[in-house]
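Quick notes on the structure that follows.
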Amino acid sequence: MTLSQEIAERFRTMAAILEIRGEPVFKSIAFTRVARLLDDASIDLADLVARDALESLDGIGKSSRSIIVDFVRNGRSEDFESLASSIPSGLIEMLNLPGVGPKTIALFWRERGIESIEQLESALNQGKLAGLKGIGPKKLEQLADSIRMRAVAQTRVGIGHVISIASTLLEGVRGFAEVERADVAGSLRRRRETIGDLDILAALKAGYDGSVVTDRFTTLPGVREILACGPTKASVRTDSNLQVDLRVVPTDCYGAAIQYFTGSKEHNVKLRSRAIERGLTLNEWGLWKTTDWEARRDTVKATAGLGIDYSTAVASRHEADIYAKLDLAFIEPELREDRGEIELAAQNKLPTLVVRIDLRGELHCHTTASDGEASILEMAHAARALGLDYIVITDHSRSQAIARGLEPERLLQQIQDVRRLDGKIPGMTILIGSEVDILADGSLDYDDDILQQLDFVVASPHTALRQDSQRATERLLRAIDNPYVNVIGHPTGRLINQRNGLEPEWNRIFEAAHASGTALEINASYPRLDLNDDLARAAIKAGCTLTIDTDAHSTAGLGEVDLGIAVARRAGAEAKNILNCGTISDIRAWVNRKRHR
DNA sequence: GCCGTTTTCGGCCCGACTGTTTTCAGTCG
């Protein structure tokens, strides 16, 4: 975690405290906003503080600036500490309990002296919560459930696990006779790397009752528990403990609804402010002239949106119309995080995001020579069948003994094999490379006289992934400095929800990679997705070139690139930012330029 | 707490569902 991200956590804590203290919500919103700003991997906090330029960031004012400066200069902040000591620290954790919010926490604390989840649990067991205003038998039952479930409920699930569950449920909903169409919304549609809960949106055919759809949804296979079920919304928990929300809307406002339920929340908040500036109101039913909407609001509430005439809406049926009528270019779901995309859309300066067909080659994959399942030729054929023009064979280097990493002699033999096979498949160029280990000290697993015989070199860290930031920085810088290294493979070594991987000083890494002509990989295999979206975004901002590689260990693996594309799109990447969206000549030029610099 | 081609004060997005209520507060996204 960088210093900036650590300070972001402090601001989140302060926001939580303000909520529990019952301060005006806008204070905690402001602190949460500062936290989001500080999460951005590309900001150089030390530099901003040194230049006294913090307040140039939209959302940071006097108070926040002073707190940040204190943390950066002294490692602590009196403002933070006095706020933190104003409530017991155990209260903050209670916010994680589903169904428990700041008001409830404050009530328990004030009326019953409860200061932690543990105390809440024992008070519950001893019946001490009975008689509190607004707390009835159902609420007590829900509390007990929340406490029991808290360990599992806290973690967001990796996108690789959610996708198959989502497609099964989506297929189920699409099968209902009353449903015109259905899609995934929420963070899965935005392709975030982890998913809190799954959102599905269904369009109801004219003349049908939404309750029929939500009721039937709760009986789909895999549904374990029903959390809520009304005429327009149902919430369930699956056998795999994933919460799934279904929303049912009339077809006439499907576009507004999919926009609304795709989020992110922050993106939508800003969009609605933009609507207000134009005398409009934006909600899940449509974009309306505010006066029109106010005349309809009561009807909508009474009929769940079925009793209104959508032809008077400024936009409702098509998602693209919502953006167009707000004078914005269409914003792809992957960009909807309020990271500047609305401002870019207003100036028609959004990036043209990379798409799968932009990819022309694979730069990182394995064969039976190390731990892959297919031969060189089988991999090359499969790549050609996917429409690719070139493939680089990059088996593991010798230190990866467990993956049958190649000793220099076997690598030299493989060079001969590839030279012999290249040209056998029309339209496909086969290159010989290696995924060479970056050892803990930054030295490489092969000598330069071996590396210089290869067409392309991926250098990756596989071990010593817990080393401190300074050593990690020196390690990666040393690898980047090697003239034969063309891309750093899965630069952090992280695995989603399993390990954090290396946390070097990214500004130095990006600068060196850019200056030396070394690409940085977005490894598309789950659970790697490494670099992640934030770091990839910062890398592009720093002028770096990226690759999108499958790291395939089988012919099927070569096709599993979509999550990597998604990461690149979330980073705002265009084809020109991605090395393997170039031709084979571009790849050779990339290699030669670094060797002769 | 932050911000300003309507504002340096007065706003700050919007609605669904639940539970405990006789009309609404709290939570959630």
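Throughout, protein chains are lettered first and strands after them, A, B, ... in sequence-line order, and every chain is numbered starting at 1.
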ask   = How far, in whole Å, is B:dA25 from B:dT21 if one measures between their C1' atoms?
value = 9 Å
request  = Tell me what A:V100 touches on the nucleic acid: a base, only sugar-phosphate, or nothing, going by heavy atoms under 4.0 Å.
outcome  = sugar-phosphate
ask   = Please give, in whole Å, the distance from B:dG1 C1' to A:L38 CG?
value = 14 Å
task = Could you work out the separation of B:dG1 and B:dT7 based on their P atoms and round it to a whole Å?
result = 25 Å
inquiry  = Heavy atoms only, 4.0 Å cut-off, all strands: where does A:E284 land among base, sugar-phosphate and nothing?
reply    = sugar-phosphate
remark   = Rounded to the nearest 0.5 angstrom, the CD1-CZ distance for A:I17 and A:F80 is 6.0 Å
message = Please report the interatomic distance CZ(A:R528) to CD(A:E193), rounded to the nearest 0.5 Å.
response = 14.0 Å
key: Which residue lies more 5' along DNA chain B, comparing A:A228 with A:L280 via nearest heavy atoms   = A:L280
ask   = In whole Å, what separates the C1' atom of B:dG10 from that of B:dT6?
value = 13 Å
query = Roughly how far apart, to the nearest Å, are B:dC9 and B:dC14 at atom C1'?
reply = 25 Å
message = Pairing donors with acceptors under 3.5 angstrom, does anything connect the side chains of A:D309 and A:S311?
response = yes
query = Can you name the one residue among A:K270, A:E332, A:H267 that meets side-chain contact (heavy atoms from CB on, under 4.5 Å) with A:E341?
reply = A:H267
query = When you check every protein heavy atom under 4.0 Å of nucleotides 4-13 of chain B, what one-letter string (B, S, -) results, 5' to 3'?
reply = --------BB
key: Distance below 4.0 Å between A:S64 side-chain N/O and B:dC2 OP1 or OP2   = yes
Span that lies between the P atom of B:dG19 and that of B:dC12, in whole angstrom = 31 Å
message = Which nucleotide, if any, forms a Watson-Crick or G-U wobble pair with B:dG19, using both distances under 3.5 Å?
response = B:dC24
message = Does either side chain, that of A:R224 or that of A:N241, offer a donor lying less than 3.5 Å from an acceptor on the other one?
response = yes
task = Would you mind telling me which of B:dG29, B:dC17, B:dT27 lies closest to the side-chain atoms of A:K233?
result = B:dC17
key: Nucleotide nearest A:K103 when distance is taken to its side chain, options B:dT20, B:dC2, B:dT27   = B:dT27
message = Are more than 12 heavy atoms, taken from residues, nucleotides or ligands other than A:E6, located less than 6.0 Å from that residue's CD atom?
response = yes
ask   = Would you say A:T232 reaches B:dC17's phosphate, i.e. side-chain N/O to OP1/OP2 under 4.0 Å?
value = yes
message = Rounded to whole Å, please give me the gap between CD in A:E141 and P in B:dT18.
response = 14 Å
key: Side-chain donor or acceptor of A:R537 paired with backbone N/O of A:R570 under 3.5 Å   = yes
task = Mind checking A:K138 for me? I need base, sugar-phosphate or nothing, with any heavy atom below 4.0 Å counting as a touch.
result = sugar-phosphate
inquiry  = Using whole Å, what does the distance between atom P of nucleotide B:dG15 and atom CZ of A:R296 come to?
reply    = 14 Å
Under 4.0 angstrom between A:S235 side-chain N/O and B:dC17 OP1 or OP2 = no
request  = Could you give the distance separating B:dT23 and B:dG29 at their P atoms, to the nearest angstrom?
outcome  = 29 Å
ask   = Distance only, no hydrogens: is a donor on one side chain within 3.5 Å (strictly under) of an acceptor on the other, for A:R10 and A:S77?
value = no
task = Using the C1' atoms only, state how far B:dC17 lies from B:dG11, rounded to an integer number of Å.
result = 28 Å
query = Atom NZ of A:K62 to atom C1' of B:dC3: distance rounded to whole Å?
reply = 13 Å
ask   = Any luck finding a side-chain donor-acceptor pair between A:S56 and A:R51 under 3.5 Å?
value = no
Pair A:T2-A:S4, side-chain donor/acceptor within less than 3.5 Å = no
inquiry  = So, does A:W293 get its side chain near the phosphate of B:dG15, meaning an N or O under 4.0 Å from OP1 or OP2?
reply    = yes
inquiry  = Rounded to whole Å, how long is the line connecting atom CD1 of A:I68 with atom C1' of B:dG1?
reply    = 12 Å
remark   = With the side chain defined as heavy atoms from C-beta on, A:T104 is closest, among B:dG26, B:dC14, B:dG1, to B:dG26
inquiry  = Can you list, in residue-number order, the parts of residues 4-23 of chain A that come under 4.0 Å of DNA chain B, counting heavy atoms only?
reply    = none
task = Whole angstrom is fine here: how far is it from NZ in A:K139 over to P in B:dT18?
result = 12 Å
inquiry  = Keeping A:S66 on the side-chain end and A:K62 on the backbone end, is there a donor-acceptor pair under 3.5 Å?
reply    = no
message = Side chains of A:Q259 and A:Y323 only: does a donor on one sit below 3.5 Å from an acceptor on the other?
response = yes
ask   = Expressed in angstrom and rounded to an integer, what is the separation of A:L95 atom CG from B:dG26 atom C1'?
value = 13 Å
C1' spacing across the pair B:dC28 / B:dT22, given as an integer number of angstrom = 25 Å
inquiry  = Any side-chain N or O of A:S63 below 4.0 angstrom from OP1/OP2 of B:dG1?
reply    = yes
Value in whole Å for how far the C1' atom of B:dC17 lies from CD1 of A:I226 = 15 Å
message = Using a heavy-atom cut-off of 4.0 Å across all strands, would you classify A:R33 as base, sugar-phosphate, or nothing?
response = nothing
